[in-house]
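Residue numbers start from 1 in every chain, and the chains themselves are labelled A, B, ... in the order their sequence lines are given, proteins ahead of strands. Just so you know, these numbers come straight off a predicted model, no measurement behind them.
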Amino acid sequence: MKRRKYTRDHVAWNLLTVVSFASFAFFFLFPLFRLIVGAIWTGNGFNLEPFKRFFATKYYMQAVANSFKVSTVTTLIAICTGTTFAMIMRYFKIKGKKVVDILLLVSTITPPFLGGYSWILLFGRVGWVTTWLKNTFGIIFPGIYGFWGIVFTFVCHSTMTMYMYISGALKNVDATLNEAAASLGCFGIRRIIKIIIPLILPTVLSTALLTFMHCFADYGTCALIGEGYNVMGTLIYTAFLGEVSRDATLASAMASITLIFTSCLFMVQRWLASRRVVEMNALHPIEQKKPKGIVAILSHFYIYLMTTLAVCPIFVVAYNSFQKASGFLFLPGYSLDSYRTAIKRLGDAIQRTYAYGLIAIVLIVVIAVIISYANVRHSSSITKTADTLTMFPLVVPGTVLGIAMVLAFNGAPFYLNGTAALVISVWVIRRLPYTIRSTTGVLHNISISVEEASQSLGANPFRTFIRVTFPMLFSGVLPGALLSFIASITELSSSLMVYNFKTVTMSIKIYTEICKGNFGVASAMSTILLLSAVVVLGVLFKVSKGNYEFTL
Amino acid sequence: MSITINIEHAKKAYGKNVVIEDLSAQIKPGEFFTLLGPSGCGKTTLLRMIAGFNTIEGGTIAFDDKVINNLPPHKRNIGMVFQNYAVFPHMSTRENIAFGLKERKVKDPELTNRVDEVLEKVQIRELADRMPSNMSGGQQQRIALARAMVINPDVLLFDEPLSNLDAKLRVEMRSVIRHIQQQAGITTIYVTHDQEEALAISDRIAVMHKGEIQQIDEPVKIYRKPRNLFVATFMGQTNILDVDVNGQDISISGTDVNYHFERIRKDHQITKGKLVVRPNDFTFEDAGIEGVVTERIFFGTITTYTVKTNIGDLVVTRDVNEHMKSIGETVHLAIPVEVVNVFDADGKNMSIMEDAG
């Protein structure tokens, strides 16, 4: 049934959208615009020199090639590992599934750079495993650095993200579809290829794109574990903030190139997604079978292995934090020294991180609810534009966004550099797309007649929104919001660009300590950060009763 | 106390797509008025215009003398029951029912008293403090009904409230709705596509087709004296026979069967028409349309036969207590002229309508 148009609330919601979108545009589209203009326009003419230099220098082109290599390999592997993982978890009864699920959720809150860091602790040149191999077997392991190190770290992390989203899609595949296929003579592997894969393909593609983006311009992981293996992220960072060879124009040129490339990918993904719209709503979810024989052994082995890889960083970091340490060496024996130093050095960074995170999440929820409600219930070209463009941050790498922000708000007339506003808006922008998606999903599940019932009972549209829509929405939006809170406080790539000494957050402190080689302190700080994230997760489990679904 | 709903020349259009062109109807105080029609006929659109969820592009809708065209839904004092129940999932039964009262600033103890009273009326007292999430459709629809009733609305609106329920519950709920409506005497508009439901529950029925009202009448008249062929065929299964008309004499084309039809005016000029015979109107006699039984379906209380004749297959239903015909048997079908209707080529009922009963 069509909604009546141009009523007072229709106009009101569209106005609200305009206001929310304007603030979004100011902190997102405007900086990106400035970035691109700044890269090619010097003030009195076009200047393509940095671009020429970039494309002509082998050193830079090598980094581009490296980025492609890392992202493509990671994405391909993660698609396979993630899909396999999701299918096993969905179709088979796995022993300890609950524990696995909780561990995985915990693992997704670990920022990738912490993963990289802990793999160094294990497999680095002086890592435990490396040392152990050398002492016991005399095997010299060169350490997990360079290309495969980066890929390994990313795959461990992305597999779980892949799993979460694909599992959500699989949940919506109705069992009767499977039975129908079987009754038509299609089963086993053929059924998976012909029925299941096409149904979950849109989700797989979107998630794959996200993975690709994350890898393509990640800075932290590559900087830590890459050791001279240059990729776009590290290149941009060094060009922008590095101690030697600082070149802001080159940095913005590179950022622009990355941005254009990722935007193209985004459009391709949107186009693909729009071509294949699969509407599913499972009345009979697929029943889980008990695997038998070799299948059982292999499935369990695979699930446990991937889970271990995913959560390993957390336990490594947590264990390390209690060890005696001196610089990057861990000494025998345990102490709380690392924590003492950590807390001293963190100072108000702890409160600051939480305060920023809370402000960010309130803003995210408010903007997301406005934009998605307006688009679902009072759709117009305005709301549709807002809805589409707010998806864009998904594909803008943190480093690029950070640089764009600094360039746009550094100096007159804004002077926002190094202010809390900048850090918070970076967080808001990076997480907004996720929350808008989940809010829109929840809204589509709220029948419009519930709101009409409220109005027919005498509640005006505003009271209806407050008393009926928002409470119904809230329980659906909260899990996503909590996850966004965690993602925000652990964010590194873009915070690193926009922070200054007054706005240092915990993840930046951790990163600095790792760079200084104070592994003990870094571990202690990470544990504090992760612990708070786990507390938030606990709340998430409580409110969602373990039923939280990831949709994209 | 109860109000009249006056719909005059109402028009509904979505852009250039006109759904209702020009519709007028008057619903009497305290009446149970049903909008009946196939899906897409505009019945729900009209109901939502009355509720205020659809705009009105022309004409007026008035509660008594007050035109409500531009009044937002929350100011119309209506109680509405939806197809998908639309129970607030985050509120208990009691909170759901109290919702409208709280909007009207009704305070305790009146609030509690009124909620308790209506809980009793719809027989869900034991559900009062439960959340709706695990309730059956029937229970949820009772909450929705109670919620709409408790505010003493001027008008009760039902939008296919029973179509999500199973057959048995549907019958049960429809007597609950009818009973409560009669007690309260609130003017009621009820939308359904189920003709049996409409016949069972209504004071008057408006049969709608393509945005127009085909006929407004009491259930018996709608069934027995359909104004046109659409209404006749929509209200249950029918056999349509081509007939040649000559004054008050009609003969069934392709047969030598003739009837004298007193309920047609003598002075018409029509020569061709259609005779509509319901399956249970046919009787097996010694003379009449000759045919062979080709199919027999036993339903318990009735038996349905398909009879192959040279004017096509005819459907006949007879009471179980009658002697059953067997497949392959030759039968003769007679038509009781006093209950069937003859329509002209445009589908208009040629029978004189006044004598209906």
Side-chain angles (χ1 to χ4, degrees), chain A residues 1-13 281 283 369 373 376-381 439 441-479 542-547 549, chain B residues 12-15 17 19 44-45 47-57 70 72-91 95-106 132-133 143-144 146-153 155-157 159-161:
Chain A
M1 198 52 58
K2 264 193 180 170
R3 283 289 295 184
R4 55 203 199 132
K5 285 204 158 181
Y6 311 120
T7 55
R8 232 174 37 202
D9 13 317
H10 184 74
V11 174
W13 280 105
N281 197 355
L283 291 169
V369 166
Y373 186 80
V376 172
R377 292 284 192 253
H378 299 279
S379 179
S380 72
S381 47
T439 312
V442 176
L443 263 176
H444 277 300
N445 287 335
I446 299 180
S447 163
I448 192 164
S449 49
V450 176
E451 287 168 61
E452 287 174 351
S454 160
Q455 289 193 32
S456 75
L457 292 167
N460 65 34
F462 176 72
R463 302 234 346 127
T464 296
F465 187 80
I466 298 297
R467 284 192 68 188
V468 175
T469 319
F470 193 73
M472 285 174 70
L473 205 51
F474 192 67
S475 56
V477 173
L478 191 61
K542 188 102 184 139
V543 296
S544 64
K545 298 181 189 83
N547 277 331
E549 252 182 70
Chain B
K12 175 72 215 169
Y14 296 111
N17 176 22
V19 184
T44 296
T45 309
L47 187 82
R48 291 170 60 86
M49 285 159 79
I50 297 165
F53 297 121
N54 283 350
T55 49
I56 301 162
E57 268 71 47
N70 293 317
H74 63 271
K75 290 186 180 156
R76 292 192 184 191
N77 197 27
I78 50 173
M80 187 154 173
V81 179
F82 297 81
Q83 179 173 0
N84 58 356
Y85 326 130
V87 169
F88 305 130
H90 58 296
M91 298 181 191
E95 287 165 336
N96 259 286
I97 297 172
F99 185 93
L101 293 176
K102 283 185 184 154
E103 284 302 318
R104 285 165 175 74
K105 307 262 182 304
V106 175
S133 50
I143 299 177
R147 187 177 65 178
M149 295 288 305
V150 77
I151 57 174
N152 288 333
V155 181
L156 262 177
L157 304 173
D159 185 6
E160 308 214 15

- Note, A:Pro461 side chain near B:His74 side chain (heavy atom, < 4.5 Å): yes

- Query: Does B:Asn70 CG have over 12 foreign heavy atoms under 6.0 Å away?
  - Reply: no

- When you measure from the side chain of B:His90 to the backbone N and O of A:Arg467, does any donor-acceptor pair fall under 3.5 Å? yes

- Task: Counting only heavy atoms closer than 4.5 Å, note whether A:Ser454 contacts chain B via side chain, backbone, both or neither.
- Result: both

- Considering only heavy atoms and a distance below 4.5 Å, find which of A:Pro471, A:Ala453, A:Ser449 pairs most often with chain B. A:Ser449

- Atom pair OG/CZ of A:Ser447 and B:Phe82 - distance to nearest 0.5 Å: 8.0 Å

- Nearest 0.5 Å please: distance from the CG atom of B:Asp159 over to the CD atom of A:Glu452. 9.0 Å

- Query: Highest number of heavy-atom pairs under 4.5 Å with chain A: which of B:Glu103, B:Lys75, B:Arg104?
  - Reply: B:Glu103

- Item | Minimum heavy-atom distance between A:Met472 and B:Pro89, given as atom pair plus value | CE-CG, 3.4 Å

- Task: Mind running side-chain contact (heavy atoms from CB on, under 4.5 Å) on B:Phe99 and A:Val468 for me, showing each step along the way?
- Result: CA-CA 10 Å; B:Phe99 185 93; A:Val468 175; 3.7 Å; yes

- Item | Heavy-atom side-chain proximity of A:Leu457 to B:Arg147 below 4.5 angstrom | yes

- Any side-chain heavy-atom pair from B:Pro72 and A:Gln455 closer than 4.5 angstrom? no

- Answer with side chain, backbone, both or neither: which region of B:Ile78 has an atom nearer than 4.5 Å to a non-hydrogen atom of chain A? both

